[in-house]
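Notes follow the structure.
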Amino acid sequence: MANIDYRIQKITYFCTMIKPRVIFLSEGIALLLIFLISTFFLPLNYGIQLTLGLLLAYAIPRIIYSRRSHYSTSGHAVLIVLWFILSALAVNYVGRCTAWGALPLSEPHLWGDANRYWSYAEAFYSGSTYTHSRASFGLSLITAVAWLVSGKSIITPVCINICLTISTVVLMGSVTLHLLAHRTSRSAQSVASLAMLASSVLFYWLSHAMQMLKEPLISFGVVLCALALARTIERRHSAPRFAWRDVAVFALGALLVASVRSPYALVMAAGALMCTIYRRPRYSVLAMAACAVMAYCIVYLLTQTLLMRPVHLFLEENNAQLVSQQYIIGASQIPYYNIIGDYFTYPWWKKLLLLPFTSMVQYIIPFPWVFSTPHIDEVFPRIGLGAYIVGGMALFYIFFLSWRRTSRLTAFTAWAILCFVTPAYAVAGSVPRYVTPFQLLFVPMAVYVLVLLLENQHRKNFTIFAVAYAVVLVITLILCYSAQADALSIYA
C-alpha cells in the first residue's frame, strides 16, 4: 500500500511539473505559427508588427486568468486555441484592409461601420472636427489614445478588440462560477473552463473580434456588469454591506456600454434593479442602477446626440419612415418583410404581441447559407452550431429548471431575457449584431444544464427536449432557406 501511495505521489508531482511546461510549449508553438502565417500572407514588417500586437493582446488576459483562483490548464488551453483562431482571422482582416500590403497600415481601406469608427478615431487623434454623428465614440476614443503610444495603424484597434474578446471569455468563467456557487459539486476549475469553452463557440460573436467594430467593447462592458451582479447574487446570504468594488466594476461596465451603444446602459440599470430582490439592504444594486443611468447621461453631455438617435429613433412613430429605410431591407430579408409587414409603423402594443416571433427570428439568424463568397471571413460567422447548442441548453434551463427552487437564477435569468428581447423589439430581430453581446448572458444557464447532466440529473427530460429542439430547428432552417432562395432568385 505504501508503494502504491508513493507511486501516486510521484505521478501527481510529475503532472504538476509537466503541465506548465506543456502550456508554455503550446504558447510558443502558437506564437511561432502566428508569426509564420503573418509574415507569409503580409509584408515582413506588417507581419512582425501584427505578431507583436497579437502577443500583447493575449498576454493581458492570460495574466489575468493565471492569477484567478479557478485557473486550470484546460481553461488555459481554451485561451490558447481561441487566441490562435482570432489571430489567424486578424491576419486575413489586416490583409484585406491593406489589400495584402499594397496600402499602408495607417491608411487602410475599411468598409461599413468600421470606416466611420476609423474616421472618428482619426478626428480624435489629429484634433480635427468630425462632421458626422458623435455617438458611439468609445472605440474610436480608445483607439486614438492607443495611437499616441503605438502610432496610427489598423493593427491597434484589431489587437484592442482581440484583447477585449479574450478578456471577456475569461470573465465569463468568473461570472458563471459566482452564479453557480454552492449549486454543484463540480470543481470551480471545471465550471469556469466549461463557461470559457461555451463562450468560445459563439462564432458570430467572435467574428467581430478582429474587426474595427464596437461589439467587443460592448460585450466586455456587459460582462463587467454581469460580474458585479453575479457577485451580488452570490453574497445574498452573507452579512449585508455596501460593496464598493462591485459598484465600481458595474459603473465601469455601464460607462463602456454607454460609450458605444447608449440605450444598453438603461438595460444594465434594469438588471441592477431586478437583482434588488436578492440583496438586503439594497444599496449596492441601487447604486449600480444609478451608475448606469449616470453613464447614459454622461454620454448625452459628451455627444449631445443621445436623445436624437438611440432611443427616440425607435420609440417615436414619426421616425418610422427613417428606421424603415435602414432595417429589414435587401433581397434576403424580403420574405421576412412579407410576413411581418412594415413593422416600424406599428404601435407599441402590436410590437409586444409580435415579440415572441421577432425574438425567434433573432435567435436563428444569421443563417448559415447567407454569404457571397466562400471566404474565411464570410463562412466563419455563419457557423452557428455552437450558438444553437448553447442556446438550446439555455432554453432547456429556462423552460424546465428556472422555476425550481433548487436551481433558480431568477433575477439573472430575467435580466438576460430582457437584454435579448430589447433589440428584438427595437429592430424586429433583424440585426444579429445587436444581440451578440447578450448571448454571453445565457452561457451560465447552458453550463448549469451541462453540469447537471454530467451529474446524471434530468438526462431523460433533456434527451426528449434535445430531440424535439433539433427537429424544430432543422425544419425552421429548411423553410427559411426555401423562402430566401426563392426571393433571391427573383430579386437578386
Side-chain angles (χ1 to χ4, degrees), residues 22-65 76-112 114-115 117-118 121 139 142-144 146-170 200 203-213 215-217 373-381 383:
V22 172
I23 288 295
F24 285 130
L25 178 61
S26 301
E27 290 175 330
I29 294 173
L31 180 61
L32 177 61
L33 290 175
I34 291 170
F35 173 75
L36 293 176
I37 294 172
S38 300
T39 53
F40 180 80
F41 288 101
L42 299 171
L44 180 60
N45 61 328
Y46 287 21
I48 293 175
Q49 293 180 57
L50 181 58
T51 302
L52 292 175
L54 292 171
L55 177 60
L56 180 60
Y58 169 73
I60 295 174
R62 182 208 188 280
I63 293 172
I64 294 173
Y65 180 60
H76 202 144
V78 171
L79 289 191
I80 295 174
V81 174
L82 177 62
W83 175 46
F84 179 76
I85 293 174
L86 295 182
S87 297
L89 293 171
V91 172
N92 174 77
Y93 184 73
V94 172
R96 289 188 63 192
C97 292
T98 62
W100 303 100
L103 297 174
L105 293 172
S106 58
E107 298 295 336
H109 170 71
L110 299 175
W111 53 91
N115 185 47
Y117 303 146
W118 176 271
L139 175 61
I142 293 174
T143 300
W147 280 346
L148 297 175
V149 178
S150 65
K152 183 181 172 184
S153 171
I154 184 59
I155 291 176
T156 302
V158 167
C159 293
I160 289 174
N161 276 351
I162 289 178
C163 180
L164 289 172
T165 300
I166 300 177
S167 299
T168 299
V169 170
V170 171
S200 300
F203 289 159
Y204 185 72
W205 171 68
L206 289 180
S207 68
H208 302 99
M210 75 297 306
Q211 304 181 53
M212 189 169 182
L213 295 174
E215 272 61 36
L217 187 55
T373 62
H375 204 269
I376 185 171
D377 60 348
E378 291 265 2
V379 175
F380 181 79
I383 305 175

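Residue Ile166 comes nearest to Pro61 through the heavy atom pair CG2-CG, 3.5 Å, listed as atom of the first residue, atom of the second, then distance. Of all the heavy atoms in Ser153 and Trp147, the pair that sits closest is O-NE1, 3.1 Å. Here the closest non-hydrogen pair linking Cys159 and Ala57 is O-CB, 3.4 Å. Nearest heavy-atom pair across Trp111 and Tyr93 is CZ2-CE1, 3.8 Å. Contact record, Thr156 with Ser150: OG1-OG, 2.9 Å, taken as the closest heavy-atom pair. In this structure, Ile160 and Ala146 approach most closely via the heavy-atom pair CD1-CB, 3.9 Å.
Remark: Leu54 CG to Ser38 OG distance equals 6.0 Å, nearest 0.5 Å. To the nearest 0.5 Å, atom CD1 of residue Ile37 and atom CG of residue Leu32 are 9.5 Å apart. Within the model, atoms CG of Asn115 and CE of Met212 stand 9.5 Å from one another, a figure rounded to the nearest 0.5 Å. Of the inter-residue distances, the one linking Met210 atom CE with Cys97 atom SG reads 11.5 Å to the nearest 0.5 angstrom. Leu89 contributes atom CG, which lies 8.5 Å from atom OG of Ser207 (distance to the nearest 0.5 angstrom).
With respect to Arg62, the side-chain contact (heavy atoms from CB on, under 4.5 Å) criterion is satisfied by exactly one of Ile23, Ile80, Leu55: Ile23.
Of the possible donor and acceptor atoms, none in the side chain of Glu107 sits under 3.5 Å from a partner among the backbone N and O of Leu103.
Under the rule for a side chain to side chain donor-acceptor pair (under 3.5 Å), the partners of Trp118 that lie at least two apart in sequence or sit in another chain are Glu122. Taking Ser26 as the reference, nothing meets the side chain to side chain donor-acceptor pair (under 3.5 Å) condition, with sequence neighbours excluded.
In this structure, Thr168 and Trp205 have side chains that are in contact, with non-hydrogen atoms separated by less than 4.5 Å. Put simply, the side chain of Leu82 reaches to within 4.5 Å of the side chain of Leu206, judged on heavy atoms.
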Q: Test side chain to side chain contact (heavy atoms under 4.5 Å, CB included) on Asn161 and Leu139 and set out the steps.
A: CA-CA 9 Å; Asn161 276 351; Leu139 175 61; 3.7 Å; yes
Q: Go through the steps to decide whether Leu110 and Ile154 satisfy the test side chain to side chain contact (heavy atoms under 4.5 Å, CB included), and finish with yes or no.
A: CA-CA 10 Å; Leu110 299 175; Ile154 184 59; 4.0 Å; yes
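Each ring-ring contact (aromatic ring centres under 6.0 Å, His included) pair with one or both residues in residues 39-58, not counting sequence neighbours, appears once here: Tyr58-Trp83.
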